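For reference, the structure is listed below as structure tokens.
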6 protein chains.
Amino acid sequence: MSANKTALVVSAHAADFVWRCGGAIAHHAALGYDVTVVCLSFGERGESAKLWKQEGMTLDKVRAARWSEAENAAKALGVHELISMDLGDYPLRLSDEDKFRLVDIIRAVQPAFILSHSKYDPYNTDHMYSTEVVLETRMIAQAWGHKPGEKVLGSPQVYLFEPHQTEQMGWKPDVFLDITDVWDKKRAAIECMEGQEHLWEYYTRVAQNRANHFQRNSGGQSGGRPAKYAEGFQSVFPRTVDEL
Amino acid sequence: MSANKTALVVSAHAADFVWRCGGAIAHHAALGYDVTVVCLSFGERGESAKLWKQEGMTLDKVRAARWSEAENAAKALGVHELISMDLGDYPLRLSDEDKFRLVDIIRAVQPAFILSHSKYDPYNTDHMYSTEVVLETRMIAQAWGHKPGEKVLGSPQVYLFEPHQTEQMGWKPDVFLDITDVWDKKRAAIECMEGQEHLWEYYTRVAQNRANHFQRNSGGQSGGRPAKYAEGFQSVFPRTVDEL
Amino acid sequence: MSANKTALVVSAHAADFVWRCGGAIAHHAALGYDVTVVCLSFGERGESAKLWKQEGMTLDKVRAARWSEAENAAKALGVHELISMDLGDYPLRLSDEDKFRLVDIIRAVQPAFILSHSKYDPYNTDHMYSTEVVLETRMIAQAWGHKPGEKVLGSPQVYLFEPHQTEQMGWKPDVFLDITDVWDKKRAAIECMEGQEHLWEYYTRVAQNRANHFQRNSGGQSGGRPAKYAEGFQSVFPRTVDEL
Amino acid sequence: MSANKTALVVSAHAADFVWRCGGAIAHHAALGYDVTVVCLSFGERGESAKLWKQEGMTLDKVRAARWSEAENAAKALGVHELISMDLGDYPLRLSDEDKFRLVDIIRAVQPAFILSHSKYDPYNTDHMYSTEVVLETRMIAQAWGHKPGEKVLGSPQVYLFEPHQTEQMGWKPDVFLDITDVWDKKRAAIECMEGQEHLWEYYTRVAQNRANHFQRNSGGQSGGRPAKYAEGFQSVFPRTVDEL
Amino acid sequence: MSANKTALVVSAHAADFVWRCGGAIAHHAALGYDVTVVCLSFGERGESAKLWKQEGMTLDKVRAARWSEAENAAKALGVHELISMDLGDYPLRLSDEDKFRLVDIIRAVQPAFILSHSKYDPYNTDHMYSTEVVLETRMIAQAWGHKPGEKVLGSPQVYLFEPHQTEQMGWKPDVFLDITDVWDKKRAAIECMEGQEHLWEYYTRVAQNRANHFQRNSGGQSGGRPAKYAEGFQSVFPRTVDEL
Amino acid sequence: MSANKTALVVSAHAADFVWRCGGAIAHHAALGYDVTVVCLSFGERGESAKLWKQEGMTLDKVRAARWSEAENAAKALGVHELISMDLGDYPLRLSDEDKFRLVDIIRAVQPAFILSHSKYDPYNTDHMYSTEVVLETRMIAQAWGHKPGEKVLGSPQVYLFEPHQTEQMGWKPDVFLDITDVWDKKRAAIECMEGQEHLWEYYTRVAQNRANHFQRNSGGQSGGRPAKYAEGFQSVFPRTVDEL
């Protein structure tokens, strides 16, 4: 277990962590967190259309290409450890053994918070399935009778990062994070996603518009902070505080 | 305007602020906040049954008794200023002039956050009406064209404090505040409410059970803080942060 | 106050009580309840299209025609008292004085339960407004300080009767009442609504299909009661029981 | 009444119609619709911060400036008629007389559809109030007994246009309109809003990202139309069709 | 793949497609669509009570009887192809292989739209499970890496057809289809369901009452189309249009 | 099958039935019901932290200890039959064979009503999974083609008992049961749970506060029954009645 503070990202497909919380990763890495990213799959079947349209493409080539992109992006963001569980996509499936492997990772990381997908996604059932798995494995990691003697998990917050077409997913952000200071890193990571160039500008615009929301909610026209780039997250659990 | 940090409580009836956020008031007062409490009414018609059952009771006597209780409770909690708007209850009504008076108070206080009632309450329409008024007056206080030249309001969070029968109100707390350190003050304030003695133990139990929720959400059986008393709140707006 | 058990119906327009809860009225009248029906308006402007299409029609003629229908229907159903508040429709408006008159009626009736409209209705804002008024006046009727000395109201259930296009209103019935025994009375009352003949068969079909739901929920293919006509209602408040 | 097809926009403040449905206005104008825009207020108190920060500003100057902007924008979009109801903002209020004026407009226009604000907006209660008024006045316009002899309104769809911070408003678009062909007009109208320059790029990005959603929902990576700019809307009522 | 426009119905049990969207099938067949119906099971265990009450009944006999009914109904409706996946019911289960078979069908049909069950159904978990499967297989059918080289699926709308007891399922129709022209075919198909005669009149009444909703939403008392029979559907995804 | 009225409790872990519906069990036992309790697991891994903290603890010892507690509690409550399905916890899993065993139990008991967990629980996915299983097995038990010849199940209500942190689970009670008469039995059963002593007072306070809700909803300050202990439940299905 790390001496630093830690965080864990659970990404259904290899690229999800970049678009959806790359800023949070880079920002917390800069704050001294060790951020571990788990990719449940490469997104090799369902999220690699551009590669599949090339002549002579094979599943192995797609997998290698997507993983290379993910590694480059992780490096750009300052990810502490990038873990591939290689479980396949469209559909993604975890057996109980797979889930116990994820529990091992959760316990090893002991994250201060976990980042994953929205609760609902009719376009992409892998996404909502990942969040179900996160809640289930978080519970198992808390069980004193699971691998007795290991350090059990506390109660880390689970933040749901921004899905595509937020309103269709019923996703509602309750916290905005200023990522202006690490935007160059997120943009660099985004540009590692060579197969999805059509999304580079899309997610740059998302970050710019979320910065407007950051400003509005931090004071608006009377004192709000003029962030240039931000990310939004939805909390699953209540917070505990000493000051409102 | 205060040099200290400030907070504002908008209470439909004179006793509401005690049961629902007395701990938050005392705790923030102890932190150095100037906490202003606005009572929109005395609760003289609808929340003073015990008094009305006495022989020879009059509206003036009820009002005086309820206000005396509120003043004593405010003193026990360390309220900076207790303001009576005396608008009547069951039903509570605010004209635009009344709302502008409330806007004046909001601007004078410039609160870091506002506390008020749940959004929905089929048992007590005064409660949900108060929250509608809070949102409307918060908006007016932000308008640069309302009494131009005055300092406009920023974007303070609005926290909805705990209603009676939470589930019937659709109220869901997303933040728990540890009030163990000021519990004796909240209990003292509660005991000022002589007409509602049947609620003293009820709200003591609420605070104890919310402390269990505080512990669960701050780490559970593996590191949660063993608070003895807590209060829960529901946020209306998203937060803006520099660390998740 | 009646020596019998009592119930109260609050109907936005003169005909609403017939289509939406005529069976409940007749059934409870047969059980010995005194059922009071309050019509807040005649539906003279918005729910009398057939009359207005006639030559030489005037507001007074429409009002008289609608009230005559309502009286005939009330008689057919065994209504104990039919009260016209004559507040106008499209839009319906109640001043505080109007609401206090309704409070007087509620307190005089001391109903075991109240029937009114769905909480939401984007087609007909008079309907949802009526339910808001019912909740507000129920609260005032419970206030010991409103006309002190009068008998205050207890906690009668509020049942929301079936709106037109139920799904658009977000209305969900949680109780079905068998009205087979009084169907002939409801049908007779329905046929008093001469201006809305297109709805006679519509609401007969509704009652037949609700009977199917009654059977399904009382035992289905294995013991459900084969009701022929039923009505559905949505409860606002929780019940208190001695047996589940 | 127009011989052309018609549409009606109800805008709480003078600028709302530009950001939120300027594309729909210009696009339908190009299709031959006569589009009428009603501004309930100028947004003079609450949405003119930049003007109020200038020396010597008065309410009259702000009103004139905002209206001039609105007129220029309307011209750029091809609005058929721009109507100022001048009801004041922050808060916006309509008396029954004001509502009847709006009913007169609705009946005169006989719109095929109506565009207005989201149902919920805790930041800006004028917005949700406007939608309540639209539903209420639509109902009155349908009443055969309101100004008998006038042509009553049919059942036009009400589309809720895109609010700021969509997720906080619970707004969910169910229809996307391609506005690529009229984007230059919408951008020109946007640039008429001199007091809100910080929003020009913001709403350009919104239109670009909505175009991505248009493409995804019209066929995605396999045949979706590559729109460049789009707007989203939420329908209040069900549609009636002859082909799914 | 068909040269005609195509549609796909996914029916949990053999009879579901008749009651819930028989009109849509016949209507689109008449419009020139090739409509494929997939029955995931025969409903042999859970929806054949009348057969099971007969002496000497066996599973094979029930299956044969239900399939014969389904074939007759499909013929009456003009179904292009009726496919039995024969996966068993109460409970219905699809392995990944079964799902890939369904993906093959979806890709072969390339439907303009898909019809299936409501999202929620506490009475019948097979129904909601079918819709989960539809969303998952739709996603897989869109994946360029699933059976590379095959024509991938676009973004067909998924319409949820009308469940029994709509309000209990949280089902809300947003589109009504006039099926008056093909009602005789739907009624003929309904009468093929010999084991469920108690539902013939029930679903005839549903169609008649939905016709009333069609009329209301297409113009009401002022120009609505007087449909005699209609069906309602709830859309899962947003539409993309060139005219509102 | 019993000659008495019967009820069934489905408890994910061995202790759940005590905290959440021990009063309902004892109360209905006193009314003459035969109440069967099915424990799907012992809660041996996830809900036995205190035991696992002891030296030399083993899974067998934990299982034995938890079952002993459950048996003692069941005796204290007057449970008719306590059944252990021993399916393991954290995570709980039921194969189809396991589900058919549960169907056998449901059919054997023929319960008038079933008690189980809340529909949603992000803290404990075993809980919500149990409710899914209850709905699925209830459906199978109703199927005439499942083990033809057996007595099929009718339509028993499913009541969701009170979860921990009710608001986080979206649980809303619609019925309160007075358990004052059997409180001593519930408290005795609670005290059998030696490993969870920190919850004894917690759930005593819950019962006391629910009694306040019982009183409020049975008449409030004007005639409500002063219950001392109560339990709340949420109904899944509508009721069928002969009197509102």
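Quantities reported herein were computed from a predicted structural model and do not represent experimental measurements. Throughout, protein chains are lettered first and strands after them, A, B, ... in sequence-line order, and every chain is numbered starting at 1.
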Q. Among F:Thr137, F:Val152, F:Val236, F:Asp96, which residue forms the greatest number of heavy-atom pairs with chain E at distances under 4.5 Å?
A. F:Asp96
Q: For each of E:Gln168, E:Glu44, E:Arg93, tally heavy-atom pairs with chain F at distances under 4.5 Å, and name the one with the top tally.
A: E:Arg93
Q. Can E:Glu231 and E:Lys186 be counted as an ion pair, charged N to O under 4.0 angstrom?
A. yes
Q: Measure distances from E:Asp126 to the heavy atoms of chain F and classify the residue's part below 4.5 Å as side chain, backbone, both or neither.
A: both
Q | Stepwise salt bridge (charged side-chain N to carboxylate O under 4.0 Å, His left out) check, F:Asp104 with F:Arg101 | A | CA-CA 5 Å; F:Asp104 290 344; F:Arg101 284 172 55 207; over 6 Å; no
Q: Output, in order, the C-alpha distance, side-chain angles, deciding distance and verdict of salt bridge (charged side-chain N to carboxylate O under 4.0 Å, His left out) for F:Arg210 and F:Glu162.
A: CA-CA 11 Å; F:Arg210 291 299 176 198; F:Glu162 177 158 348; 2.8 Å; yes
Q) Are F:His146 and E:Tyr90 close enough that their ring centres sit under 6.0 Å apart? A) no
